[in-house]
Amino acid sequence: MFRQSMPSDRGMLFVFPTESRQGFWMQNTPLALDLLFVGADGEVRAIAPGIPFSTASISPDVESQFVLELLAGTAQKVGIEVGDRLRHPRIETAGAQ
């Protein structure tokens, strides 16, 4: 929240204790974002847009343990799609459990 900028090659990874249905909103976020909802196994289960300053809930009907926020359009630009797998040390640790 409150971030005015983010480098195009960076993101924010939110890590939750277990898989469940996650919900986000953008009330205090001035950046348009892509929100990638990722399971414990690293599979991208949903991709949703984050609209700046919106109070609408962003909560796809999937369970996820991670949510990766990227600048809007990044997922499409680099070809990330639902069903793809993401690799990150935290994700790999969760998937091993």
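Reckoned from all heavy atoms, side chains included, excluding hydrogens, waters and symmetry mates.
- Minimum heavy-atom separation, A32 to P52: N-CG, 3.5 Å.
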Show, in sequence, the C-alpha distance, side-chain angles and deciding distance for T29 and F53, and conclude whether the side-chain contact (heavy atoms from CB on, under 4.5 Å) test is met.
CA-CA 6 Å; T29 306; F53 302 111; over 6 Å; no
side-chain contact (heavy atoms from CB on, under 4.5 Å) between M26 and I51, intermediate numbers included
CA-CA 7 Å; M26 302 280 293; I51 308 302; 5.6 Å; no
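- Using a 4.5 Å cut-off between side-chain heavy atoms of Ile, Leu, Val, Met, Phe, Trp and Tyr, with links allowed through other members, V78 and V82 fall into the same hydrophobic cluster.
- Taking the side chain as every heavy atom from C-beta outward, I91 and V38 approach each other to under 4.5 Å.
- Side chains of S20 and Q22: a donor-acceptor N/O pair is present below 3.5 angstrom, by distance only.
- Separation of atoms CG (L68) and CG (L35) is listed at 8.5 Å; rounding is to 0.5 Å.
- For CD of Q27, the number of neighbouring non-hydrogen atoms (other residues, nucleotides, ligands) closer than 6.0 Å is greater than 12.
- No side-chain heavy atom of D34 sits less than 4.5 Å from a side-chain heavy atom of I80.
- In this structure, the side chains of S64 and E19 stay at 4.5 Å or more apart for every pair of heavy atoms.
- Counting heavy atoms from C-beta on, the side chains of F14 and E69 come closer than 4.5 Å.
- Under 4.0 Å is where a charged nitrogen must lie from a carboxylate oxygen, and between R45 and E63 no such pair does.
- With hydrogens and angles ignored, the 3.5 Å screen pairs a side-chain donor or acceptor of Q65 with a backbone N or O of P17.
- Taking the six-membered ring wherever Trp is involved, the centroid distance between the rings of F66 and F37 does not fall below 6.0 Å.
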Do R21 and D61 pass the side-chain contact (heavy atoms from CB on, under 4.5 Å) test, and can you show the C-alpha distance, the side-chain angles, and the key distance before you say yes or no?
CA-CA 7 Å; R21 190 168 172 201; D61 193 20; 4.1 Å; yes
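- We find the CG-CD1 distance between L36 and I47 to be 4.5 Å, quoted to the nearest 0.5 Å.
- Contact of the L33 side chain with the M6 side chain is registered, since non-hydrogen atoms from C-beta on lie closer than 4.5 Å.
- Residues R85 and V44 fail the side-chain proximity criterion, which asks for heavy atoms closer than 4.5 Å.
- Using a 4.5 Å heavy-atom threshold, the side chains of I58 and W25 count as separate.
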